[in-house]
Structure formats: C-alpha cells, structure tokens
Number of protein chains: 2
Amino acid sequence: MRQIKHPTIEQVELIDILYALADPTRMEIVVRLAKAGRKLTCGELDLNRPKSSMSHHFKILRSAGLVETVVDGTEHMNALRLEEIEQKYPGVLESVLKATQP
Amino acid sequence: MRQIKHPTIEQVELIDILYALADPTRMEIVVRLAKAGRKLTCGELDLNRPKSSMSHHFKILRSAGLVETVVDGTEHMNALRLEEIEQKYPGVLESVLKATQP
DNA sequence: TCCAATGTTCGAATATAATCGAACATTGGA
DNA sequence: TCCAATGTTCGATTATATTCGAACATTGGA
C-alpha cells in the first residue's frame, strides 16, 4: 500500500481510544510519541518486541485514531493525533498523558 | 461477605481505569452513576442484562477503583469514586464523562 | 537489477474476557 | 422460622485479543 488509511476525526470513538490505551505496550508507544513530540519510526520506539507484534499494536492505535502513520520510503513515520483528539475530546489524552508522568 | 473489599486510592492504576472504561456496558454504568450523582443499586441501573453479567462488570469496576459498593441490607449501593480519582488523576474521569455527553 | 531495510499480513497457538444459567449467601421482613 | 429480594460465585461456553514466526510487499540505493 502507498499510504495507510486512517479514520477521520469525526469517525473516532472515545471507547476505541480508551481501549487502545488500556494496553501497556500501546500506552508506552503513545507516551513515547507524546514525549518525542515528533514523528517516530517503529524502530525508533524500540520496545523490544517482534515486528509483527508492534505492527499489530500500531494497527489498533491507528484504527482508534490515536496515531497517524505516514509512509516515507521504507520507513513508517508515526505521530500522535494529539491536537485533533484534544479538540474532539478535550482533556482526555492530555490528562492521561499527565497521569503517566513520574 | 459483610462488606466488599476495594483498592485504596494509592493502589489504583490508570491502566485499570482505562481498561474498565473501555467496555460499553461498564462505561454506561459509570455514566449513569455520574449522572445520578448518588449511590445506585444494580437494579436501579437496569441495563437489561442478567444479574451475573452485571455482577461481573461491577467486580471489574470495583477492582479498578472506579466504583465503591456498600452493602446495605440485601442491596448493594454503588457510587463513583469521582473525587478520589480526580485527585489522583486530575481530569481523566472528568474529561471522559464530558466526552460522553450528547 | 538485485538486495537490504522496514513494516505488513497471514496463520496458528495461547491467553484473556464476556456471557449467562444455576446454585449459593445474606438480609430483612412476614 | 421461612421466604422473597438482591447480588455473588461457579462453571462452561463462546468470543476477542495477544503473540510471534514466516512469508510477503514496497522502497531506495548499490
């Protein structure tokens, strides 16, 4: 595939966001993307898991509307859809991210 | 059992809260408890499901620390632990509840 | 053109969760 | 004391999720 399909922000459902976040691996991905504040490749995230597992989790993050993935050559650049989600569900992602801080 | 065991607020984990909320039935319970703003019995919630199913969901809501259940005679009064959770994870529950409004 | 790099998809195994009927426990009242 | 009411627990079934190796697809560069 050239580029990956994502839901529009209108299609995003709160329950899917919560579901996507309710997994330690995916939460870790989201937290790292938020901390990075920029697009990261799966490789850069380096969560020490097989590629197929990471791909699975990214698929869920994408379908929930949390992550946007742009294909760039052989790499896939992933970014949090923070602003969009904040606009649709103010405070949800922000407070969750804040809650994960040490 | 006389009274039911609940986690202290210190024991409450964000991921468990998100997991508990990531189910339509449980989300509905939480929303109704929030709207009611008072303790409700399972019966009052009336989600049209078997008792054993409701009991199962309440167990998860309790163990996540979202709901507190006080035994009162033959009834079990359920309340959202809103203030405690707001204090520990500011904005999380509040923003989720706001996001569920029409 | 060939190939290494990056992820995705497939498939199968395993693990976890939801569902719900039936039996049980506890309580308060008749 | 008996019993109806309210939930819980148990057990079995079904449904969903996670995991990950292997095969595949796409790309850019040698």
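Nothing here was measured: the structure is a model prediction, and the numbers come from that model. Throughout, a chain's letter reflects where its sequence line sits, starting with A, and its residues are numbered from 1.
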Without decimals, in angstroms, what is the distance between [X] [atom1] and [N] [atom2]?
{"X": "A/Leu45", "N": "C/dT6", "atom1": "CG", "atom2": "P", "result": "13 Å"}
{"X": "B/Glu75", "N": "C/dG29", "atom1": "CD", "atom2": "C1'", "result": "14 Å"}
{"X": "B/Glu44", "N": "D/dG7", "atom1": "CD", "atom2": "C1'", "result": "14 Å"}
{"X": "A/Asp72", "N": "C/dG7", "atom1": "CG", "atom2": "C1'", "result": "13 Å"}
{"X": "B/Ile4", "N": "C/dT27", "atom1": "CD1", "atom2": "C1'", "result": "14 Å"}
{"X": "A/Asn78", "N": "C/dT6", "atom1": "CG", "atom2": "P", "result": "14 Å"}
{"X": "B/Phe58", "N": "D/dT6", "atom1": "CZ", "atom2": "P", "result": "14 Å"}
{"X": "B/His76", "N": "C/dT27", "atom1": "NE2", "atom2": "P", "result": "9 Å"}

Is there a continuous path of hydrophobic side-chain contacts, each under 4.5 Å between heavy atoms, that joins [X] to [Y]?
{"X": "B/Met77", "Y": "B/Leu47", "answer": "no"}
{"X": "A/Leu97", "Y": "B/Leu18", "answer": "yes"}
{"X": "A/Leu21", "Y": "A/Tyr19", "answer": "no"}

Counting distance only, does the side-chain N/O of [X] pair as donor-acceptor with the main-chain N or O of [Y] below 3.5 Å?
{"X": "A/Arg81", "Y": "A/Glu68", "value": "no"}
{"X": "A/Glu75", "Y": "A/Asp72", "value": "no"}
{"X": "B/Ser95", "Y": "B/Gly91", "value": "yes"}
{"X": "B/Asn78", "Y": "B/Leu40", "value": "yes"}
{"X": "A/Gln101", "Y": "A/Lys98", "value": "no"}
{"X": "B/Ser55", "Y": "B/Lys51", "value": "no"}

Quick one: is D/dG7 close enough that its OP1 or OP2 comes under 4.0 Å of any side-chain N or O from B/Arg62?
no
For DNA chain D, the dot-bracket notation using Watson-Crick and G-U wobble pairs below 3.5 Å, [ ] for pseudoknot-type crossings and | for other-strand pairs, is ||||||||||||||||||||||||||||||
Within the structure shown, what part of the strands sits under 4.0 Å from A/Thr41 by heavy-atom distance: base, sugar-phosphate, or nothing?
sugar-phosphate
Rounded to the nearest 0.5 Å, how far does [atom2] of [Y] lie from [atom1] of [X]?
{"X": "A/His6", "Y": "A/Thr69", "atom1": "NE2", "atom2": "OG1", "result": "4.0 Å"}
{"X": "A/Ile29", "Y": "A/Phe58", "atom1": "CD1", "atom2": "CZ", "result": "4.5 Å"}
{"X": "A/Lys88", "Y": "A/Ile9", "atom1": "NZ", "atom2": "CD1", "result": "6.0 Å"}

Does any residue of residues 47-54 of chain A have a heavy atom under 4.0 Å from DNA chain D, and if so, which ones, in number order?
A/Pro50, A/Ser52, A/Ser53
What are the atom names and distances for every N/O pair under 3.5 Å that joins the protein to nucleotides 2-5 of chain D?
none

5' priority, DNA chain D, between A/Thr25 and B/Met77 [closest heavy atom]
B/Met77
Could I get the full list of side chain to side chain contact (heavy atoms under 4.5 Å, CB included) partners for A/Ala20, not counting sequence neighbours?
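With neighbours one apart ignored, the set is A/Arg26, A/Ile60, A/Leu61, A/Ala64, A/Leu66.
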Mind checking salt bridge (Lys or Arg N to Asp or Glu O under 4.0 Å) for A/Glu86 and listing every partner two or more places apart, or none if nothing turns up?
none
Produce a footprint string for nucleotides 13-18 of chain C: one letter per nucleotide, 5' end first; B if the base is under 4.0 Å from any protein heavy atom, S if only the sugar-phosphate is, - if neither.
----SS
